[in-house]
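Numbers restart at 1 for each chain; the letters A, B, ... are given by sequence-line order, proteins then strands.
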Protein chains: 2
Amino acid sequence: MSKTEKKDTKSLIMDLAENAIIEGGFNAFSFRELAAQIGIKSASVHYHFPTKGDLTVSVLRRYKDNFASELPCVETSHASANQLLNGFIDGFKTKIVDNHNMSICTMLTTDVRQLPDEVREELADFYRIKLNWLGSVFMLETGMDEKQAQIKACQMLASLHGASILVQATGDVEKYEDAVGYLRQ
Amino acid sequence: MSKTEKKDTKSLIMDLAENAIIEGGFNAFSFRELAAQIGIKSASVHYHFPTKGDLTVSVLRRYKDNFASELPCVETSHASANQLLNGFIDGFKTKIVDNHNMSICTMLTTDVRQLPDEVREELADFYRIKLNWLGSVFMLETGMDEKQAQIKACQMLASLHGASILVQATGDVEKYEDAVGYLRQ
DNA sequence: ATAGGTTTACCTATCAGTAGATAGATGAAA
DNA sequence: TTTCATCTATCTACTGATAGGTAAACCTAT
């Protein structure tokens, strides 16, 4: 038996929900659908996650924690600022754009009015983490002050998210590099 | 009787649908809801727009045509390239970000997998129009070639759309200028 | 000018499908 | 024996869509 043989149902539900949110946002999945994919009933999904909000929060929190843990530590990593930034740009492309997806953040942001409060807060926190990490990279080598670094972080994060929108709407993957290339080097 | 006194039902439906799409995307409105807001029955909305796809196409096409007609003509306008670009950036802020909204394009793009084909095509065309206009502005004074101008257009459009995402998710309107300020002057 | 037909813009009623959620029962494991 | 994970069954609410009816407005040929 390989160690990935048997995954517990709870994680399995989260895996499927995560995928569904990435593909269609908060309204694009249902308890019934998730249950059917696993081979259980929708009531059993409710056992693990009482409400849709609970499930979405769990998915988003897990995704965010995983994302944060994969980010190189700005202080201890021996990478240069440019290497870190290029890695961020490349990672966004590999994990999101190349899979014909948009980020889970973008997907949930357009649903923001329909989200339960807890999800909205989790989402805002995710952006905060990204902006802070980018900000700290921008301050790394240059003598940039914090305000200026936050501005650069906003600029970069907006470019990446916007670029993925352009790709998704036009179907032209090259537009990603067109839109974000200026950020490199 | 003022001349705006009586609007025909069809346009009224489109007005409400447009608003709903801007606020929540393709899944955020129903025939019943629109009908209730006007004071008619959902079947009557179906009379004007047989399917949800038809209604969405009509709304998007009207929005796009109106948008296109409001863009200054790059050749005949006496504005400089910088004036035109700043106007575009400001317009996006005034019409979209300041109203705590995202663009109708962004909203529909995240729903792209659920859209009927005709809507998807209309949407892609909208992006094409924006990119072409921006591209022609970038070619205006500089001797920039078409390829380079398209790249700049992608970069700029991505920044605007991405900036509005950042604003929507964090609730901080200032992030718009942070993210797009570098495009000015 | 008007009678007869047509079109417009709505209506009521209804359909099958899906949504999120809950109550209460069951069997297996700890 | 209690807890866990699942089930069946069901609820209310809502979805997009259709069939068929109606009253008024509009057209056209006599």
Problem - Lys64(A) to Phe67(A), cation-pi by 6.0 Å centre distance and 45° axis angle - result: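 Cation-pi check for Lys64(A) and Phe67(A): fails.
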
Are the side chains of [Y] and [X] in contact, using a 4.5 Å heavy-atom criterion?
X: Glu118(A); Y: Asp54(A); result: yes
X: Thr142(B); Y: Gln148(B); result: no
X: Met102(A); Y: Val112(B); result: no
X: Gln155(A); Y: Leu183(A); result: yes
X: Ile38(B); Y: Val45(B); result: no
X: Leu134(A); Y: Lys152(A); result: no
X: Lys10(B); Y: Phe49(B); result: yes

Looking at [X], does any N or O in its side chain come under 4.0 Å of the phosphate oxygens OP1/OP2 on [N]?
X: Ser30(A); N: dA19(C); value: yes
X: Tyr47(A); N: dT6(D); value: no
X: His48(B); N: dT8(C); value: no
X: Thr9(A); N: dT6(D); value: yes
X: Lys41(A); N: dC7(D); value: no

Take atom [atom1] of [X] and atom [atom2] of [N], then tell me their distance rounded to the nearest Å.
X: Phe49(B); N: dA17(D); atom1: CZ; atom2: C1'; value: 16 Å
X: Asn27(B); N: dA19(C); atom1: CG; atom2: P; value: 11 Å
X: Gln114(A); N: dA19(C); atom1: CD; atom2: P; value: 15 Å
X: Ile40(B); N: dT22(D); atom1: CD1; atom2: C1'; value: 16 Å
X: His46(B); N: dT14(C); atom1: NE2; atom2: P; value: 17 Å

Exercise for the section: Would you work out how much the helix from dG5(C)-dC26(D) to dA30(C)-dT1(D) bends between its ends, with each end axis defined by five base pairs, to 10 degrees? Expected result: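 End-to-end axis angle for the helix from dG5(C)-dC26(D) to dA30(C)-dT1(D): 0°, rounded to 10°.
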
Handout entry: salt bridge (charged side-chain N to carboxylate O under 4.0 Å, His left out) between Glu177(B) and Arg184(B), intermediate numbers included
Key = CA-CA 10 Å; Glu177(B) 204 54 39; Arg184(B) 293 189 188 274; 2.6 Å; yes

Problem - Minimum-distance nucleotide (side-chain atoms of Ser44(B) versus dT6(D), dC10(C), dG20(C)) - result: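 Among dT6(D), dC10(C), dG20(C), the one nearest the side chain of Ser44(B) is dC10(C).
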
Exercise for the section: State which of dG20(C), dA19(C), dG16(D) makes the closest approach to the side chain of Phe31(A). Expected result: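 Of dG20(C), dA19(C), dG16(D), dG20(C) is nearest to the side chain of Phe31(A).
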
Exercise for the section: Assign Gly39(A) to base, sugar-phosphate, or nothing according to its heavy-atom contacts below 4.0 angstrom with the strands shown. Expected result: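 Sugar-phosphate: the residue Gly39(A), judged by heavy atoms under 4.0 Å, touches backbone atoms but no base.
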
Exercise for the section: Under 4.0 Å between any heavy atoms, over every strand shown, what does Phe29(A) touch: base, sugar-phosphate, or nothing? Just pick one. Expected result: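 The residue Phe29(A) makes sugar-phosphate contact but no base contact.
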
Fill in the blank from the handout: Under a 4.0 Å heavy-atom criterion, the protein footprint on nucleotides 23-30 of chain C, written with B, S and -, is B-------

Problem - Shared hydrophobic cluster, Ile151(A) / Val180(A) (ILVMFWY, side-chain heavy atoms < 4.5 Å) - result: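 No, separate clusters.
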
Handout entry: First of Lys10(B) and Arg32(B) reached from the 5' end of DNA chain C, by closest nucleotide
Key =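 It is Lys10(B) whose nearest nucleotide is closer to the 5' end.
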
